[in-house]
Amino acid sequence: MRVVMLGPPGAGKGTQAVQLAGRLGVPHISTGDMFRQATQDQSPLGQQVRSYLEQGLLVPDELVIQVVERRLNEPDCQKGFVLDGFPRTLAQAQALDRFLQQQGQPLDAVVLLEVPDELIVERITGRRLDPQTGQIYHLRYNPPPPEVASRLVQRSDDTEETCRRRLNKYHRETEPLVPYYQQQGVLRRVDGTLSPQEVTQRILEALGVK
Ligand code: AP5
């Protein structure tokens with residue numbers, strides 16, 4: 001199954017994409033994770049994207065499209081994937097459509113996680129990551145076990161100011177993808193304000209996964 005997770009920053013795309021990919025047995029592909037890893041490794045890609053990430057700005061389309069197409073060409077993506085954080089602009093969505101059309105493997109579904117803006121800042125500023133396992137926690141909604149608490153880190157773009165800029169970018173650049181995918185008949189709206197377990201359940205129902 002080929003699925004895209006769509007939604008504002010902090011909507012729970014990463015949290016849910018991990019669950020869904022595990023359930024479907026397909027890779028979870030997060031452009032945000034790929035860029036953060038590249039930045040950490042100080043690779044040429046990392047040097048190109050660092051300032052965009054730190055400021056909460058979008059990485060240029062050509063660069064993101066190149067990175068994603070290279071990843072989707074890898075053998076493990078042949079049976080499907082869960083894309084998280086891509087596409088984020090109309091140009092990216094059109095490029096993805098062209099790429100998948102050439103492969104004769106169109107998208108099965110786009111899951112839109114709906115969370116109102118007023119919840120987003122709290123979710124983002126309370127997020128903590130375990131650098132050893134990649135596990136995502138929230139200080140209030142998904143508190144980490146005491147034994148990992150001391151090694152948790154906060155993303156450098158998880159400040160309130162950067163979060164508001166990312167939210168603004170989402171409304172301007174990414175929200176137009178909602179009618180785009182609705183017209184294609186692949187959009188599945190899911191209430192992202194429920195508990196993480198309930199959201200997972202709704203997503204599986206929306207996708208018809210037993
Ligand atoms: P990216 O990493 O994709 O960031 P994002 O889209 O802003 O999304 P987040 O990772 O912040 O949130 P999420 O929806 O995954 O939520 P999460 O599950 O963590 O991108 C980062 C940057 O990379 C961009 O700003 C840009 O610069 C660049 N970039 C990436 N892709 C790009 C592209 N395609 N084009 C251009 N630039 C690109 O959850 C958030 C918190 O809430 C966590 O603490 C979690 O525990 C908690 N939580 C989750 N679900 C629930 C729930 N149901 N109830 C309560 N709490 C919950």
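In this chain, residues are counted from 1 in sequence order. Note that the structure is predicted; figures quoted are calculated from it, not measured.
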message: Checking L24 against V82 for the side-chain contact (heavy atoms from CB on, under 4.5 Å) test, could you report, in this order, the C-alpha distance in whole Å, the side-chain angles of both residues, the deciding distance, and whether it holds?
response: CA-CA 9 Å; L24 297 174; V82 177; 4.3 Å; yes

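- Results of the side-chain contact (heavy atoms from CB on, under 4.5 Å) test with L83 over V3, V110, T31, L96 single out L96 as the only residue that passes.
- A single hydrophobic cluster is seen to contain both V49 and I29, as judged by linkage of ILVMFWY side chains at heavy-atom distances under 4.5 Å, directly or through other members.
- In the model, D33 has no side-chain atom that pairs as donor or acceptor with a side-chain atom of H28 under 3.5 Å.
- Within the 4.5 Å cutoff, side-chain heavy atoms of F35 are placed close to those of L45.
- With contacts defined as side-chain heavy-atom distances shorter than 4.5 Å, the pair F99/N73 qualifies.
- Put simply, CZ on R127 and OG1 on T15 are 8.0 Å apart, with the number rounded to the nearest 0.5 Å.
- Of the possible polar contacts, none joining the R151 side chain to the V148 backbone as a donor-acceptor pair under 3.5 Å is found.
- In the hydrophobic clustering of ILVMFWY residues, with side-chain heavy atoms under 4.5 Å counting as a link, Y170 and L187 come out together.
- Residue I65 is grouped with residue L72 when hydrophobic side chains (ILVMFWY) are merged at heavy-atom distances under 4.5 angstrom, including chains of intermediate members.
- No continuous path of ILVMFWY side-chain contacts below 4.5 Å connects L100 to M5, so the two sit in separate hydrophobic clusters.
- A salt bridge does not link D108 with R188: every distance from a Lys NZ or Arg NE/NH1/NH2 to an Asp or Glu carboxylate oxygen is 4.0 Å or more.
- The CZ atom of R166 lies 8.0 Å from the OG1 atom of T159; values are rounded to the nearest 0.5 Å.
- Closest heavy-atom contact between D61 and A91: OD2-CB, 3.3 Å.
- With rounding to the nearest 0.5 Å, the separation of CG in L107 from CD in Q105 is 10.5 Å.
- In summary, the side chains of E122 and Y141 do present a donor paired with an acceptor at a separation below 3.5 Å, with no hydrogens or angles considered.
- Looking at L207 and M1, their side chains come closer than 4.5 Å, going by heavy atoms from C-beta outward.
- With hydrogens and angles left out, the side-chain atoms of D41 and Q37 include a donor and acceptor closer than 3.5 Å.
- No more than 12 heavy-atom neighbours from other residues, nucleotides or ligands sit within 6.0 angstrom of CD on E161.
- The hydrophobic clustering, which links ILVMFWY residues whose side-chain heavy atoms are closer than 4.5 Å, places V178 and F86 together.
- Checking side-chain atoms of K79 against main-chain N and O of G25 turns up a donor-acceptor pair under 3.5 Å.
- Here the straight-line distance linking atom CG of L6 with atom CG of L177 works out to 5.5 Å at 0.5 Å rounding.
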task: I would like to know whether I203 and T200 meet side-chain contact (heavy atoms from CB on, under 4.5 Å); could you show each step before the answer?
output: CA-CA 5 Å; I203 292 173; T200 305; 5.7 Å; no

message: Walk me through whether Q55 and D157 qualify under side chain to side chain donor-acceptor pair (under 3.5 Å).
response: CA-CA 7 Å; Q55 294 177 67; D157 59 346; over 6 Å; no

message: For a side-chain contact (heavy atoms from CB on, under 4.5 Å) check, start with the C-alpha distance between T174 and T89, then their side-chain angles and the critical distance, and finish with the verdict.
response: CA-CA 5 Å; T174 310; T89 63; 5.7 Å; no

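- Taking 4.0 Å as the cut-off between side-chain N and carboxylate O, K13 and D84 do not count as a salt-bridged pair.
- Put simply, the side chain of Q92 gets close to the backbone of R88: a donor and an acceptor are under 3.5 Å apart.
- Residues L152 and Y137 have side chains in contact (heavy-atom distance under 4.5 Å, counting atoms from C-beta outward).
- Residues D117 and P8 form no side-chain contact, since every pair of their non-hydrogen atoms from C-beta on lies 4.5 Å or further apart.
- A distance-only check finds a donor-acceptor pair linking the side chain of R123 to the backbone of G10 [under 3.5 Å].
- More than 12 heavy atoms of other residues, nucleotides or ligands lie within 6.0 Å of CZ in R155, so this atom counts as buried by the packing criterion.
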- prompt: What do the steps show when you test L20 against L204 for side-chain contact (heavy atoms from CB on, under 4.5 Å), and what is the final call?
  reply: CA-CA 8 Å; L20 182 59; L204 295 174; 3.9 Å; yes

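- At least one side-chain heavy atom of I120 sits less than 4.5 Å from a side-chain heavy atom of V115.
- Shortest non-hydrogen contact noted between G80 and P27 is O-CD, 3.4 Å.
- If you take CE on M34 and CZ on R36, they are separated by 12.0 Å, rounding to the nearest 0.5 Å.
- Atom CD of Q66 and atom CZ of R71 lie 15.5 Å apart (nearest 0.5 Å).
- With a 4.5 Å cut-off on side-chain heavy atoms, P143 and H138 do not count as touching.
- Proximity of a side-chain donor or acceptor of T125 to a complementary backbone N or O of V121 within less than 3.5 Å is detected.
- Side chain of R2 to backbone of P106: a donor-acceptor contact under 3.5 angstrom is found.
- Counting only heavy atoms from C-beta outward, the side chains of D130 and P144 never approach each other to under 4.5 Å.
- Taking 4.0 Å as the cut-off between side-chain N and carboxylate O, R202 and D191 do not count as a salt-bridged pair.
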